[in-house]
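Reckoned from all heavy atoms, side chains included, excluding hydrogens, waters and symmetry mates. Just follow the structure's listing: the first ligand is 1, and inside any ligand the first atom is 1.
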Amino acid sequence: MSQLTDGFGRSFPYLRLSLTEACNFRCSYCLPDGYHADGRPRFLAVDEIARLVRAFATLGMHKIRLTGGEPSLRKDLTQIIATVARVPGIRKVAITTNGTLLPRHLPDWHRAGLTALNVSVDSLQRERFHAITGHDRLPEILEGIGMAQALGLQSVKLNAVLLRGRNDDELPAWMEFLRERALSVRFIELMRTGDNGDYFQRHHLRADVLVEQLHAAGWSLRPRAADAGPAREYTHPGYRGSIGIIAPYSRDFCAGCNRLRVTARGDLRLCLFGDFGVALRPLLQSDADHDALLARITTQLGLKAAGHGLHQGRTGLTPHLASIGG
Ligand code: SAM
Ligand code: SF4
């Protein structure tokens, strides 16, 4: 039974751990000018990650998602996956990646214990993909996704950020893509962060427009599993794949929150858009601090707020999602 519960009856079986803030892409809504190192302390090392994950697993957490920045830029990623997968109690090890290194490394990650993969694909059109991400890499990313299916990973999901005027006409193409592929594509409504205010004004589009199109095309909402995250999943008998909608501005979004985050430098963040982080790194230096680490995590959980302040334009500490682990 998880001891990771908050004052609003939510439990947190799921940790998103950022491995780096660095990225090789320049997504227009996230890091439009690319990543620039800031000289602050280096990112968590493998032994620190092992202690962190052991603590969360002791508290009942069973799923870890490795994210970033771009987690595949870590040279020791295979070792990190193997370390996390060996922690007693951890049943699922997932990664969120832009997919550029899948063809090169996926078989190693899979052997190391990776069970689930999320790949960001903002457009199925090569030129648009290039324009949105700054890189003409769509073909190899699609190759990597095919590889993941052939390897038989438990779960393969694609993420597309919905952008007005950039990719909001692609739902029919995605449906075609899903006709014979047992994948889930998640459309994420663009979130406003500290750095992307103007972009948000120009390109934010409510995910409801997609929901209307899905209903019109005969897709229906799958009943929500008790432990489901914030995505609403739609299915259709004529298609092998499913379509998820992640709408952070919808009324009940925070009620379904089942995740905690730890940044690449070891700060516990209770909400993607929270106002504060709690340094766990000082307690990750020695196994002797295990109990103190458990106490710090559980105490902080009591402070998790009921919901984010995005509706009031409050974006908390987050300049862009690469800084916290999207
Ligand atoms: N680099 C990896 C990737 O792109 O998949 C992992 C980190 S990225 C921050 C995680 C996810 O957050 C990606 O699917 C990305 O498209 C999404 N994302 C980034 N900024 C966003 C924003 N402002 N609003 C909504 N989604 C965003
Ligand atoms: Fe990099 Fe992911 Fe941000 Fe794109 S969304 S810039 S791939 S961290």
Side-chain angles (χ1 to χ4, degrees), residues 16-36 43 64-74 77 94-102 105 109 116-123 128-138 140-141 144-145 148 156-164 166-168 184-207 210 229-231 244-250 253 259 261-264 269 272-273 308 310 313 315-326:
R16 293 175 88 100
L17 172 60
S18 175
L19 298 180
T20 178
E21 290 171 10
C23 190
N24 54 344
F25 267 20
R26 296 192 302 272
C27 298
S28 45
Y29 47 81
C30 181
L31 289 175
D33 302 321
Y35 169 73
H36 300 283
F43 305 122
I64 305 285
R65 176 172 298 286
L66 305 172
T67 180
E70 179 44 46
S72 63
L73 296 187
R74 290 275 304 236
L77 179 59
I95 188 172
T96 300
T97 171
N98 63 27
T100 45
L101 295 179
L102 286 173
H105 294 301
W109 300 342
L117 177 72
N118 281 28
V119 188
S120 299
V121 184
D122 289 334
S123 175
R128 282 186 178 179
F129 183 92
H130 186 173
I132 295 170
T133 64
H135 288 262
D136 182 19
R137 312 275 301 259
L138 182 62
E140 67 220 75
I141 292 166
I145 292 165
V156 181
K157 292 177 184 158
L158 311 187
N159 293 341
V161 179
L162 180 62
L163 301 169
R164 182 168 24 150
R166 293 284 158 95
N167 65 3
D168 52 341
S184 170
V185 174
R186 284 32 209 309
F187 291 96
I188 310 175
E189 200 174 303
L190 178 65
M191 289 179 253
R192 187 177 161 177
T193 59
D195 283 357
N196 76 2
D198 289 349
Y199 189 91
F200 180 86
Q201 292 303 333
R202 284 197 306 271
H203 297 295
H204 175 252
L205 183 65
R206 294 295 301 249
L210 290 187
I245 302 287
I246 300 182
Y249 294 92
S250 70
F253 182 74
R259 63 221 33 215
R261 291 182 161 78
V262 172
T263 69
R269 298 286 296 272
L272 192 48
F273 296 99
H308 59 59
L310 285 180
T315 57
L317 281 177
T318 304
H320 43 71
L321 260 56
S323 69
I324 178 173

Donor + acceptor pair across side chains of Asn98, Thr133 (<3.5 Å): no
Distance filter under 4.0 Å to Thr67 heavy atoms, resulting ligand 1 atoms: 6 (C), 7 (C)
Ligand-residue contact atoms, ligand 1 with Glu70, heavy atoms, under 4.0 Å: 1 (N), 2 (C)
Gap separating the CG atom of Asp198 from the CZ atom of Arg192, nearest 0.5 angstrom: 9.0 Å
Point-to-point distance, once rounded to the nearest 0.5 Å, from OG1 of Thr100 to CG of Leu102: 7.5 Å
Side chain to side chain contact (heavy atoms under 4.5 Å, CB included) between Thr97 and Asn118, worked out: CA-CA 6 Å; Thr97 171; Asn118 281 28; over 6 Å; no
Heavy-atom proximity to atom 25 (C) of ligand 1, best of His203, Arg16, Met191: Met191
Atoms in ligand 1 with a heavy atom of Glu189 nearer than 4.0 Å: 25 (C)
Check: Arg65/Thr96 side-chain N/O donor and acceptor closer than 3.5 Å: yes
Nearest heavy-atom neighbours spanning Ser28 and Arg166: OG-NH1, 4.5 Å
Within-cut-off N or O pair, Ser120 and ligand 1, under 3.5 Å: yes
Gap separating the CZ atom of Phe200 from the CG atom of Asp195, nearest 0.5 angstrom: 14.5 Å
Partners meeting side-chain contact (heavy atoms from CB on, under 4.5 Å) with His130 (sequence neighbours left out): Asp136
Reported CG-to-CZ distance for the pair Leu138 and Arg128, which is rounded to 0.5 angstrom: 12.0 Å
Residue pair Thr20, Glu70: steps toward the side chain to side chain donor-acceptor pair (under 3.5 Å) verdict: CA-CA 7 Å; Thr20 178; Glu70 179 44 46; over 6 Å; no
Under 4.0 Å to a heavy atom of Val161 - the qualifying atoms of ligand 1, by number: 16 (O), 26 (N), 27 (C)
Within reach of ligand 1, part of Arg192 (heavy-atom separation under 4.0 Å): neither
Contact summary for Phe43 and Arg74, nearest pair of heavy atoms: CB-NH1, 3.7 Å
N/O separation below 3.5 Å, Asp122 to ligand 1: no
Asp122 versus Asn167, closest heavy-atom pair with distance: O-ND2, 2.8 Å
Asn98 neighbourhood, listing ligand 1 atoms whose heavy-atom distance to it stays under 4.0 Å: 2 (C), 3 (C), 5 (O)
Numbered atoms of ligand 1 (with element) below 4.0 Å of Asn159, judged on heavy atoms: 14 (O)
Heavy-atom gap Ala160 to ligand 1 smaller than 4.0 Å: no
Thr97 contact mode with ligand 1 (heavy-atom cut-off under 4.0 Å): backbone
Verdict with supporting geometry, Glu189 and Leu162, side chain to side chain contact (heavy atoms under 4.5 Å, CB included): CA-CA 5 Å; Glu189 200 174 303; Leu162 180 62; 5.5 Å; no
Thr96 N/O to ligand 1 N/O under 3.5 Å: no
Polar protein atoms (N, O or S) that approach atom 1 (Fe) of ligand 2 to under 2.8 Å: Cys23 SG
Proximal ligand 1 atoms for Gly69, defined as those under 4.0 Å from one of its heavy atoms: 1 (N), 2 (C), 6 (C), 7 (C)
Close N or O approach (Gly68, ligand 1; < 3.5 Å): no
Numbering as shown, the atoms of ligand 1 that approach Asn196 to under 4.0 Å (heavy-atom distance): 23 (N)
Parallel, tilted or perpendicular, as decided by the 30° and 60° cut-offs, for the rings of Tyr199 and His203: tilted
